[in-house]
Every structure is written in structure tokens, then in C-alpha cells.
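Both counts, for ligands and for their atoms, begin at 1 and track the order of listing. From a predicted model like this one, the values you see are computed outputs, not experimental measurements. If you read the sequence from its start, that first residue is 1, and numbering goes on from there.
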Amino acid sequence: MNEREEQLLNGHSQRVELEYETALRPRTLGEFVGQLKVVENLSVFIAAARGRNEPLDHILFSGMPGLGKTTLANLVSHEMGVGMHATSGPALERAGDLVSLLTNLGRGDVLFIDEIHRMPKAVEEYLYSAMEDWHIDIMLDSGPAARSVRVSLQHFTLIGATTREGLLSAPFRARFGVLERLDPYPVEDLQTIVTRSAKLLGVPIEPAATALVAQRSRGTPRVANRILKRLRDVAQVKGDGRVDVPVAERGLAMLGIDRIGLTELDRRILRCLAGSSIAVGLKTVAVAVGEEEDTIEDTYEPHLIREGLIQKTPRGRVITELGKAALK
Ligand code: ADP
């Protein structure tokens, strides 16, 4: 890879990535591609709540990163015509962090908590009374003078997003009226998403190149959009601005993405497992490939498992024959 190509791949700051992501987000539920069952369910619940003039029940979205959980939370608040306040599990360190958020919510407003499984237990328990009885108890003073004051809240809708539904406690899960799981998208849906994004970004792209991007996006719209953006750069610098099959092939090779959507990090994981005759623990894999355990478990492993390249056993991860073949 020459210097210019390297710049192309790394030169985009996170801020720019975020702006792109916002620009490409569907604005209405009708624009949201695929996940038909989820969209249909949400449409019914929204219509019913609106018909009764009531706030929507609490919703939990689960699924891999980049499948559209944040997008759906935005769309729900948009369709309900209510305000949206967003935060994330790790940002809520203490119960006190929740107080100002909760007391600022208007009737029906959405409080969106991303990565809700990473919220500390004490904060989670503090949410229970807010979700169920619309009040919170705030402790004033400490020691013998300590007393608690009950503050009532507006009826709001909590929307949680999680990549690990299994990590949520049973009492917490039980407080969500709607639980929706997002699955990886079929290639046809990803093609529709890439076509839509290309139009929004003003990138001319051939249908065969669209198909190539869709096939290599590991079922994930965020990955598809990211690849498209890089291909736009390649087309601009190396071609005539048009993304055709040669440009797509060249860009995918620059990104180190292979035929089945594997990246260099996937291959490192496979090589780490191939080098061991026994099952390998997540910690060891993380150290060997230089990535965080959570990221490996949330982002990389699901695709490797779905493609049948690795297996998770109680003792750790093992590579399959298919996985070994993918390394050749
Ligand atoms: P998550 O919250 O699950 O990590 P996001 O909602 O942030 O995922 O989606 C990532 C990006 O993928 C967004 O910018 C959005 O444009 C795109 N996207 C996700 N799902 C869809 C969809 N069904 N249709 C169109 N674009 C989508």
C-alpha cells in the first residue's frame, strides 16, 4: 500500500465518520430497509399508543453493532412526535447521573441508553422505580441527617440497546414491554442500503459493484456504508469517480477485506486459534490479536461463527476445518 492509499484509509477522523453516519440514517420508519418483522411490530405499537394518546412501552433492541438499533430509537421518537434524549450505559457511572436526565424528560419522551448492559448495577436498580412507578427517591444529606425525597417523573419511554441481551438481569429485562432482536441483513437488503447510501452521497455505482459491497459487509449496514465511503475515495483518486467492479475489487483489497468479508483482524483471530491444539480462552485471543475482549466478542466472533469458521466451546474457541481452509 502506498502513502496515498494509506492516507485514504486512515485519514478520516471519527468526527467525519459520525457525520456520515448521521447523514445516512433513515429519516422515517418507511425508509428503514429490511427487518420487516421488527418494523411491523413497532408500527403497530406506535399506532396503538398514538391512538390512545399514551406513551409507548419501554423497548429493548438487541443485536450486533451497526445493525440499526440507534437508528430505530431515533425513528420511534420521530414517529411518536416526542423528544429524544440519548446517553450510554458506561456514561452513567452513578445513580446521580440519571437524576437530571430523568427529571428533564417530558411526557412520552424517549430516553435512549446505548450499551445498556454496561450500566452499573446500582444505576440499573435505580431505574426500576422510574420505569415502573414513574418516581425516583433522591437521598439528601448523609449520616443521621439523611432523608430521601420522592420526585415524580413524567411517563417516559426507555429505549435500551444492547449487543449482549444475555448480560441483562432477569428483573431488568422483565421491565421492558417490547423486546426486539435485530439479525444480520441478507445480501439483498444490504444492496438496497448501499444503493440508497450511494444516491445520498452522490456516488455513481454499478449494480455489480453494489452486489460486491453487499456480499462483503458481514450482514451489517454500518460496514456496508463504511466500505462504500472508502470506494468513493478510491474511485475519485484512481478512477473517474465511478465505482465499478475493478474499483470495488481494488478498494476491498486495500481494506484487506476478502471474499467472505473477513478483515485482517478476523484472520489474526483465525491464525491464533489455528496455532493451538487446544481450545483458546477469550483473554488469550485478545492479547494475541491486540483487540479488546468485548470488541472481539461483539463484532468479530459472531461473523466467524455464522460462517462456520470457529466454534465456541465451554473451554474456549476452536477453529473449524472451514476456518483452516479460509486461511489458505
Ligand atoms: P447500532 O445502533 O445498532 O450500532 P446504527 O443505528 O448506528 O447501529 O446504524 C449504523 C448505520 O447503519 C447508520 O448510519 C444507518 O445509516 C445504517 N443503517 C442501519 N440499519 C439500516 C437500515 N435498516 N436501513 C438503512 N440504513 C441502516
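Nearest to atom 5 (P) of ligand 1 among the protein's heavy atoms is Thr71 OG1, 3.6 Å. Nearest protein heavy-atom contact of atom 16 (O) of ligand 1 is Leu24 O, 3.1 Å. Counting only heavy atoms of the protein, atom 14 (O) of ligand 1 lies nearest to Glu21 CG, 2.8 Å. From the protein, the heavy atom lying nearest to atom 23 (N) of ligand 1 is Val33 O, 2.7 Å. Looking only at heavy atoms of the protein, atom 19 (C) of ligand 1 is closest to Pro221 CB, 3.5 Å. With hydrogens left out, the protein atom closest to atom 2 (O) of ligand 1 is Thr70 OG1, 2.6 Å, a heavy atom. The single protein non-hydrogen atom nearest to atom 7 (O) of ligand 1 is Arg25 NH2, 2.7 Å, given as residue, atom name and distance. Nearest non-hydrogen protein atom to atom 4 (O) of ligand 1 is Gly66 N, 2.7 Å.
Not a single N or O atom of Gly34, backbone or side chain, sits closer than 3.5 Å to an N or O atom of ligand 1. Of the N or O atoms in Ile193, none lie within a sub-3.5 Å distance of an N or O in ligand 1. Looking at Leu67 next to ligand 1, an N or O pair under 3.5 Å apart turns up. Inclusion of Gly68 in the set of residues having an N or O under 3.5 Å from an N or O of ligand 1 is warranted.
Distance alone, capped at 3.5 Å, places no donor-acceptor pair between the Ser43 side chain and the Asn41 backbone. Although no hydrogens or angles enter the test, the distance criterion places no donor-acceptor pair under 3.5 Å between the side chain of Tyr300 and the main chain of Thr263.
Taking the charged nitrogens against the carboxylate oxygens, Glu297 and Arg164 do have a contact shorter than 4.0 Å, which makes a salt bridge. Salt bridge absent: Arg50 and Glu79 never bring a charged side-chain N and a carboxylate O closer than 4.0 Å. Using a cut-off of 4.0 Å between Lys/Arg side-chain N and Asp/Glu carboxylate O, Lys69 and Glu115 are scored as not salt-bridged.
At a 4.0 Å cut-off, not a single heavy atom of Gln35 sits close enough to ligand 1 to count as contact. Judged by the shortest distance from any of its heavy atoms, Ala161 lies outside the 4.0 Å radius around the atoms of ligand 1.
Only the side chain of Tyr185 comes within contact range of ligand 1, with a heavy atom under 4.0 Å; no backbone atom does. Contact annotation for Asn225 and ligand 1: only side-chain heavy atoms (C-beta onward) come within less than 4.0 Å of the ligand. Residue contacts with ligand 1 for Pro26 involve side-chain atoms from C-beta outward but no N, CA, C or O (heavy atoms, distance under 4.0 Å).
A cation-pi arrangement, defined by a distance under 6.0 Å to the six-membered ring centre and an angle within 45 degrees of its axis, is absent between Arg181 and Phe61.
Looking only at atom types and distance, the side chain of Ser88 has no donor-acceptor partner in the side chain of Asp114 under 3.5 Å away. With no hydrogens or angles considered, a side-chain donor-acceptor pair links His117 and Thr162 at under 3.5 Å. A donor atom on one side chain and an acceptor atom on the other are found under 3.5 Å apart for Asp109 and His85.
Across all their heavy atoms, Glu54 and Met80 have their closest contact at O-CE, 3.8 Å.
Contact annotation: the side chain of Leu309 approaches that of Ile260 to within less than 4.5 Å [non-hydrogen atoms, C-beta and beyond].
Listed by number with element, the atoms of ligand 1 under 4.0 Å from a non-hydrogen atom of Pro65 are 4 (O).
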